[in-house]
2 protein chains.
Amino acid sequence: MNISEAAERSGLPSKTIRYYEDIGLVEPARRLDNGYRDYAPRDVHMLRFLSRARGLGFSVLECRALVALYADADRKSADVKEIALNRVSDIDAKIADLQAMREILMELAETCHGDDRPDCPIIDDLASRAAN
Amino acid sequence: MNISEAAERSGLPSKTIRYYEDIGLVEPARRLDNGYRDYAPRDVHMLRFLSRARGLGFSVLECRALVALYADADRKSADVKEIALNRVSDIDAKIADLQAMREILMELAETCHGDDRPDCPIIDDLASRAAN
DNA sequence: ATAAACCTTCCAGCTACTAGAAGGTCAAGC
DNA sequence: GCTTGACCTTCTAGTAGCTGGAAGGTTTAT
């Protein structure tokens, strides 16, 4: 099948599929005589696998590892689990960061009257904490 | 003062300070005859303001707006508050995304025995949801 | 025959820096 | 005066993960 059909079936844009090929993640089963990429169902399956993994926030590097593990009949499930748990740690760290930011911003926003007057605790805070 | 002192006092790397100048955020008070940047205390103040704003996750675009509002004696505090609240919305959306990912990953990790055997619900899930 | 809709490759751009190269300048020590 | 090292300058390129567009070939339908 053509790349556009593979795109439709996998849910990834054609551009992204070509990009994944560029970086060595998935290549089409073969090329037709006219140079067109020709995808097999298992390629589409792989692309959807990638789409889902990326959707869960795995980096392309992690995806590469997951693809390798997926293809490896002798894999240890512990290896896969480790990647997943590392990802969870990353997520936890990011959430903590964001929550801390959110808290500060909400405190500032709540004390800002938000009208036509210029005095603003948000600006003041950015400026004064900056002065420390 | 030299850029390295401005860097030390503002907490931003010299490279970043030059970058901020490049994109028009803060430029030094003047240039010395030898071409060196010469920073005034108010420049450092501005740089710290930026450092803090970036630390709270404001994009460079938002920082540009905040810098303008900071410099504008006739600003409306409502404009600042809007930027801050937009940022809070962004953060909320990101946190929700991350929490959803985290939940799925934890469910998968919990059902994965994580040993030397190859069968792995994480891989299976990525593959089968991918097949849908 | 021609137009629309594919496909190809390659190059540029996005965010917000960061690293490094090539070269000028300055202050200290001898 | 000379050297050494630590500054400083500009410019280019790389990071992640695509995305958009240009230039050109192919296929399909009319």
Side-chain angles (χ1 to χ4, degrees), chain A residues 1-39 43 46-67 86-87 90-91 94 97-98 101, chain B residues 1-39 43-44 46-47 49-67 86-87 90-91 94 97-98 101:
Chain A
M1 79 190 77
N2 273 350
I3 195 170
S4 62
E5 194 181 336
E8 204 175 327
R9 290 205 205 174
S10 68
L12 290 171
S14 303
K15 286 262 183 193
T16 302
I17 296 177
R18 286 197 200 94
Y19 172 70
Y20 285 171
E21 182 181 346
D22 256 19
I23 62 173
L25 278 182
V26 176
E27 58 181 325
R30 61 196 186 107
R31 291 284 186 137
L32 300 180
D33 289 345
N34 58 13
Y36 285 21
R37 289 167 179 83
D38 187 30
Y39 291 90
D43 300 329
M46 202 69 241
L47 289 169
R48 293 190 68 105
F49 180 93
L50 283 169
S51 172
R52 171 114 181 113
R54 291 287 302 126
L56 283 173
F58 288 104
S59 70
V60 164
L61 209 63
E62 287 167 325
C63 284
R64 212 182 288 272
L66 287 171
V67 164
N86 282 342
R87 177 80 195 112
D90 290 351
I91 289 175
K94 251 180 213 154
D97 267 10
L98 289 171
M101 287 178 195
Chain B
M1 78 192 75
N2 273 350
I3 195 168
S4 62
E5 193 182 337
E8 203 175 327
R9 290 206 206 173
S10 68
L12 290 170
S14 303
K15 288 261 184 194
T16 302
I17 296 178
R18 286 196 201 95
Y19 172 70
Y20 284 171
E21 182 182 345
D22 255 19
I23 61 173
L25 277 183
V26 177
E27 57 181 326
R30 62 197 186 105
R31 291 284 186 137
L32 300 178
D33 288 347
N34 59 12
Y36 285 20
R37 289 167 178 83
D38 186 30
Y39 291 90
D43 299 331
V44 173
M46 200 73 240
L47 288 169
F49 179 93
L50 282 169
S51 172
R52 171 112 180 111
R54 291 286 304 123
L56 283 173
F58 289 104
S59 72
V60 164
L61 209 62
E62 287 167 325
C63 286
R64 210 183 288 273
L66 288 172
V67 165
N86 281 343
R87 176 81 197 111
D90 289 351
I91 289 175
K94 250 179 213 153
D97 267 10
L98 289 171
M101 287 177 195

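Numbers restart at 1 for each chain; the letters A, B, ... are given by sequence-line order, proteins then strands.
- Nearest nucleotide to the A:Tyr36 side chain, out of D:dC8, D:dT26, D:dG17: D:dT26.
- A:Tyr20 contributes no side-chain N or O that forms a donor-acceptor pair with the base of D:dG17 under 3.5 Å.
- Close to D:dC8, at under 4.0 Å from its OP1 or OP2, lies no side-chain N or O of B:Arg37.
- Residues B:Asn2 and B:Tyr39 fail the side-chain proximity criterion, which asks for heavy atoms closer than 4.5 Å.
- As a whole-Å value, the separation of B:Glu5 CD from D:dC8 C1' is 14 Å.
- Atom CG in A:Leu61 sits about 8 Å away from atom P in D:dG17, given to the nearest Å.
- Residue A:Asn2 places its side chain closer to C:dC7 than to any other of C:dC7, D:dT19, C:dT18.
- Taking side-chain N and O atoms only, B:Asn34 has a distance below 4.0 Å to OP1 or OP2 of C:dC26.
- Here the CZ atom belonging to A:Phe49 is positioned 10.5 Å from the CG atom belonging to A:Leu25, to the nearest 0.5 angstrom.
- In this structure, A:Asp38 places its CG atom 17 Å from P of D:dT26, rounding to the nearest Å.
- The shortest side-chain heavy-atom distance between A:Ser4 and A:Glu8 does not fall under the 4.5 Å cut-off.
- Whole-Å rounding puts the A:Leu47 CG to D:dC18 P distance at 12 Å.
- Salt-bridge annotation for B:Arg37 and B:Glu21: present, with a side-chain N of the basic residue lying under 4.0 Å from a carboxylate O of the acidic one.
- For the pair A:Ile3 CD1 and C:dT9 P, the computed distance is 9 Å after rounding to whole Å.
- When rounded to the nearest whole Å, the span between CG of A:Leu12 and P of D:dC18 equals 8 Å.
- A:Ser14 comes within 4.0 angstrom of nothing in the nucleic acid, heavy atoms only.
- Atom-to-atom, CG of A:Leu32 to P of D:dG25 comes out at 19 Å; the value is rounded to the nearest Å.
- For the pair A:Leu32/A:Arg30, a side-chain contact is recorded, criterion being any heavy-atom separation below 4.5 Å from C-beta on.
- Dashed line: the shortest gap from a side-chain N or O of A:Thr16 to OP1 or OP2 of D:dT19 is under 4.0 Å.
- Here A:Asp90 contributes atom CG and A:Phe58 contributes atom CZ; the two are 10.0 Å apart, rounded to the nearest 0.5 Å.
- Candidate nucleotides D:dC8, D:dG17, C:dC17 were compared by shortest atom distance to the side chain of B:Val60, and C:dC17 ranks first.
- Checked by distance alone, A:Lys15 brings a side-chain donor or acceptor within 3.5 Å of a matching partner on the base of D:dG21.
- Comparing B:Phe58 and A:Tyr39 by the nucleotide of DNA chain C whose heavy atom lies nearest to each, the residue mapping closer to the 5' end is A:Tyr39.
- Following rounding to the nearest Å, A:Glu8 (CD) and C:dA5 (P) show an atom-to-atom distance of 15 Å.
- For the OP1/OP2 pair of D:dC18 and a distance below 4.0 Å, the side-chain nitrogens and oxygens of A:Arg18 include no atom meeting the criterion.
- Distances shown here put a side-chain N or O of B:Arg31 below 4.0 Å from the OP1 or OP2 atom of D:dT10.
- Considering only side-chain N and O atoms, A:Ser4 lies under 4.0 angstrom from the phosphate OP1 or OP2 of C:dC7.
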